[in-house]
Amino acid sequence: SYPDYEVRQAYTSQMVIDKIKDREGLEVDNVEAAVLKLIDEGFGTLVVQPTHVIAGNEYTKMQEDLAPLTDYFVQTVTGQPLLTDTADYQRVIGSLLSELISYTDNGVSFVLVGHGSDHSSNSVYAEFENAFREQGLLDYYVGTIEAEPGIEEIIGKIKETDTGKVVLIPLMIVAGDHAFNDVAGDNPYSRKSHVEAAGYEVE
C-alpha cells in the first residue's frame, strides 16, 4: 500500500518476542531496536503505527521507547490504537455489523472480549459498549479477560434478556492464546465454559 516507504515490524511485548524466538527461532525487534536500525540506515521520516486495541500499558511503553529517539528524524508521526475516540468506535461497530449480518435470529447476544488492562484506558471497553447502546444495539456486550468487566458481570446482564445463544467475539488484533484458550477453549476457566455453564448455547 505504501511502495515509497520501507516497512519494518517491531513488538512492544518482550514476552511475545521471547516466545517467537523459542517456538519459531525468529528474531523480532522491540521498538527501540527497530528504530535504532532506522537511525543507523539514515532514514529521515519515521511513521509508527501501533497495532494495539487500546492505549494501555504496551502503547505507553512504545511511546516511552520512542521519546529519546525522535530527534534523530526530520519528521516523526505516531498513530493511535484501534479504539481511541468516538469516531473509532463507530467505524469498528460498522465493521462488526457487516461481519455479523448473517445473525438475524432473535435471542442472540454478542459478547466482545478484549484483553483488559490495569491501565486507566481500560475504561475504553465500557465506552465502546455504550457506543453500541447509543445506536440502539442492546444485545452487544464488551468485556475483558484480565480486567473489568468480567464474564460473570456480562452473564448477569444477559440473564435479564431473552437470550438463548451467545456469540463470543475476541476483540484482539491476533488470534493467540487468549482467543483460543481464554475465550473459546474447552477448559473450565474459558469464557465459553462460563457462558455454557449459565445455560446458553455458545458459538
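What you see is a predicted model; the values in this text were computed from it and never measured.
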Identify the two heavy atoms, one from Val142 and one from Pro149, that lie closest to each other, and give their separation to 0.1 Å. O-CG, 3.2 Å
Minimum heavy-atom separation for Ala175 and Ala179, please, with both atom names.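 Smallest interatomic distance, heavy atoms only, reads CA-CB, 3.9 Å.
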Those residues that, when tested against [X], pass ring pair (Phe, Tyr, Trp, His ring centres under 6.0 Å) (two or more places apart):
X	answer
Tyr11	none
Tyr103	Phe110
His194	none

Min side-chain heavy-atom separation Val108-Asn106 under 4.5 Å: no
Side-chain heavy atoms of Arg191 within contact of Glu196, under 4.5 Å: no
If you measure from [atom1] on [X] to [atom2] on [Y], what distance do you get to the nearest 0.5 Å?
X	Y	atom1	atom2	value
His52	Asn57	NE2	CG	10.0 Å
Glu58	Thr51	CD	OG1	10.5 Å
Thr144	His115	OG1	NE2	9.5 Å
Asn122	Glu146	CG	CD	10.5 Å

For the hydrophobic clusters of this structure (ILVMFWY residues joined by side-chain heavy atoms under 4.5 Å, transitively), does one cluster hold both Val92 and Val174? yes
Pairs touching [range] that satisfy salt bridge (Lys or Arg N to Asp or Glu O under 4.0 Å), sequence neighbours left out:
range	result
residues 62-71	Lys61-Asp65
residues 128-140	Glu129-Arg133, Glu129-Lys157
residues 9-27	Lys21-Glu27
residues 108-123	none

Mind checking who shares a hydrophobic cluster with [X], ILVMFWY linked at side-chain heavy-atom distances under 4.5 Å?
X	answer
Val113	Val111, Tyr141, Ile145, Ile151, Ile154, Ile155, Ile158, Val166, Leu168, Met172, Val183, Val195, Tyr200, Val202
Ile39	Val31, Val35, Leu36, Leu38, Phe43, Leu46, Val48, Tyr59, Met62, Leu66, Leu69, Tyr72, Phe73
Phe180	none

May I ask you to check whether Thr76 and Thr70 show a side-chain donor-acceptor distance below 3.5 Å? no
So, Ser98 and Ser95: side-chain donor and acceptor under 3.5 Å apart, yes or no?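 Absent: no donor and acceptor within the cut-off.
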Going by the ring pair (Phe, Tyr, Trp, His ring centres under 6.0 Å) test, which pairs reach into residues 117-136, not counting sequence neighbours? Tyr89-Phe128, Phe128-Phe132, Phe132-Tyr140
Tell me if a side-chain donor or acceptor on [X] pairs with a main-chain N or O of [Y] at a distance below 3.5 Å.
X	Y	result
Thr161	Thr163	yes
Thr60	Gly56	yes
Ser190	Gly185	yes

Kindly list each side-chain donor-acceptor pair under 3.5 angstrom involving residues 79-87, sequence neighbours excluded, with atom names and distances?
from: Thr84; atom 1: OG1; to: Pro81; atom 2: O; distance (Å): 2.9
from: Asp85; atom 1: OD1; to: Ala87; atom 2: N; distance (Å): 3.2
from: Asp85; atom 1: OD1; to: Asp88; atom 2: N; distance (Å): 3.0

Any salt bridge between Lys192 and Asp186, counting N to O under 4.0 Å? yes
In plain terms, say whether Asp29 and Lys37 are close enough for a salt bridge, that is, a side-chain N and a carboxylate O under 4.0 Å apart.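 Looking at Asp29 and Lys37, the cut-off is met.
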Decide side chain to side chain contact (heavy atoms under 4.5 Å, CB included) for Ile169 and Leu171; before the verdict, give the C-alpha distance in whole Å, the side-chain angles of both, and the deciding distance to 0.1 Å. CA-CA 6 Å; Ile169 305 163; Leu171 182 58; over 6 Å; no
If you count every heavy atom of other residues, nucleotides or ligands that lies below 6.0 Å from Ile101 atom CD1, does the total exceed 12?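 Count not over threshold, so no.
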